[in-house]
Protein chains: 2
Amino acid sequence: MQEGTILERLRDMVVSGSAPPGELLGEIALAQEFEVSRTPVREALKQLEREGLVEVRPRVGTFVRKPTEREILELFQLKESLEGLAAGLLAQRGEVAELRILRQNVADESAVVEAGDARAYATLVHEFHHTLVTGADNQKLAEHYALLMNQLAYHRIVTQTLALPGRLGASLSEHGRILAAIESKDALAAEFATRNHVAQSRQAATLARIHEHDGGAVPATGDQA
Amino acid sequence: MQEGTILERLRDMVVSGSAPPGELLGEIALAQEFEVSRTPVREALKQLEREGLVEVRPRVGTFVRKPTEREILELFQLKESLEGLAAGLLAQRGEVAELRILRQNVADESAVVEAGDARAYATLVHEFHHTLVTGADNQKLAEHYALLMNQLAYHRIVTQTLALPGRLGASLSEHGRILAAIESKDALAAEFATRNHVAQSRQAATLARIHEHDGGAVPATGDQA
DNA sequence: CCTTGATCTGATGCATACAAGGAATGCTAA
DNA sequence: TTAGCATTCCTTGTATGCATCAGATCAAGG
């Protein structure tokens, strides 16, 4: 079959969207699909419930959960705080491996923005933020952050958001400012540059969702920087 | 028997310390104690593992986990960030029920400090921080915060910390500054007052742990404000 | 036609039996 | 005496059967 544990495969089904929101994740069906018994499937489903990805209705079933607008706002507020913390911590660490990765990452971002490749940029954005959090050298922070990002179905949101006009370049320069603040070992500046970046990203993501609900592609007329 | 679900009862055993670090939480023994089968016990243990309270060694057993010094530092860093976020959000909410609770709480704190009742003050401290987070009106924040606090074995740490000379009064005035910043709807001031308070608390807690390792009660000679 | 009720299906929740592996213990040999 | 090893015990991991209950379906009455 596929790779990875049952938990990972199930989580991927939810995060990637191959199991759409509202869909019933029946223990028996999944057990047959994974060729195991209900017990390990059940354990994995409970874990996903703890991660906020599915909703278990007792005696009824486990369903893929779709975050409400309210929850997305709450998650972005948390994201802002946690990434800000990470940037500040990283700035205090001095010259570490993650810093070099960030430099290379921003350089790569410049290149793909030149080429206008929004999808490649989305991948680099993901790596940038991931490196930021990893570089904070705080395992607990990384764990909490990972929970957040799963619930935000990060890739798709980021990809859609970056399709907004002007957002691509704005995001790049924001990353540049974050890196500069970290380079200068100014923890406070790094924190606030990061928080500002996340806030901007949140606004853009909100717009992207609104446009999506309008029905389909993002329009050419944008009203945000 | 007792009240609450199996999960809550098990968690309480770990957090309260009635099951000391390193102790084996055997599924069979717990199942007999709770008068259920291994299955629900096992589910609860897995949940506690995800909360970071126990460590599951495959094919060996589930053991009560003791946070390392490193982890405690990491958790306090997160606590500082999350409580700061909460205070800032609360400051932006205007006159809400939680704000009135905080006012009453600080007033009560003054009274018990006058009376010199450190134990009663510890309870009020717990309520103050809990109200702060609740008042942020962010469910996800509250959930992540709850995870943190469980791992910190908050009650005991706070109680020990407040026993340090001078810490009682310092904590009270810090709470006062936090409340004042929230009252003035200054989100940034509220955030930093809270972060400063948590940082002070962390330093005091570190001292308390060091003294504890010296062997027993906190000495009368303190070297922190 | 709409509402209301019983029934029936299918899902989870729990209990239990069996399989598999790690750790301690005691035995043997050097 | 001690090092090495086999064995035994005790633990979790998995599979499966039964009990229970939410929700759908269908029929009967207004």
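Below, each value reflects all heavy atoms present in this structure, side chains not excepted, and no hydrogens, waters or symmetry copies.
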Original post:
For Arg103(A), which residues count as a side chain to side chain contact (heavy atoms under 4.5 Å, CB included) partner, sequence neighbours excluded?
Top reply: Glu95(A), Leu99(A), Arg100(A), Leu179(A), Glu183(A)
Subject >> salt bridge (Lys or Arg N to Asp or Glu O under 4.0 Å) pairs, two or more places apart, involving residues 47-58 of chain B >> reply: Arg11(B)-Glu51(B)
**OP:** Mind checking ring pair (Phe, Tyr, Trp, His ring centres under 6.0 Å) for His144(A) and listing every partner two or more places apart, or none if nothing turns up?
**Re:** His144(B)
Please set out all donor-acceptor pairs under 3.5 angstrom arising from side-chain atoms of residues 16-30 of chain B, sequence neighbours excluded.
| from | atom 1 | to | atom 2 | distance (Å) |
| --- | --- | --- | --- | --- |
| Ser16(B) | OG | Asp12(B) | O | 2.7 |
| Ser16(B) | OG | Ser18(B) | N | 3.3 |
| Ser18(B) | OG | Met13(B) | O | 3.3 |
| Glu27(B) | OE1 | Arg38(B) | NE | 2.9 |
| Glu27(B) | OE1 | Arg38(B) | NH2 | 2.9 |
| Glu27(B) | OE2 | Arg42(B) | NH1 | 2.9 |

Original post:
Listed by chain and number, what are the side chain to side chain contact (heavy atoms under 4.5 Å, CB included) partners of Ala190(A), not counting sequence neighbours?
Top reply: Ala87(A), Ala91(A), Ala181(A), Ile182(A)
Contact list (N/O, under 3.5 angstrom) for nucleotides 5-15 of chain C vs protein:
| from | atom 1 | to | atom 2 | distance (Å) |
| --- | --- | --- | --- | --- |
| dT12(C) | OP1 | Glu27(A) | N | 2.9 |
| dT12(C) | OP2 | Glu27(A) | N | 3.4 |
| dT12(C) | O2 | Arg59(A) | NH1 | 3.1 |
| dG13(C) | OP2 | Arg42(A) | NH1 | 2.5 |
| dG13(C) | OP2 | Arg42(A) | NH2 | 2.4 |
| dG13(C) | O4' | Arg59(A) | NH1 | 3.4 |
| dG13(C) | N7 | Arg38(A) | NH2 | 3.2 |
| dG13(C) | O6 | Arg38(A) | NH1 | 3.3 |
| dA15(C) | OP2 | Ser37(B) | N | 2.6 |
| dA15(C) | OP2 | Ser37(B) | OG | 2.8 |
| dA15(C) | N7 | Thr39(B) | OG1 | 2.9 |

Produce the list of close N/O pairs, under 3.5 Å, pairing protein atoms with atoms of nucleotides 6-9 of chain D; give distances to one decimal.
none

Subject >> Under the side chain to side chain contact (heavy atoms under 4.5 Å, CB included) test, residues paired with Thr206(B) that sit two or more places apart >> reply: Arg202(B), Arg209(B), Ile210(B)
Original post:
Can you list the residues that meet the ring pair (Phe, Tyr, Trp, His ring centres under 6.0 Å) rule with Phe76(B), with sequence neighbours excluded?
Top reply: none
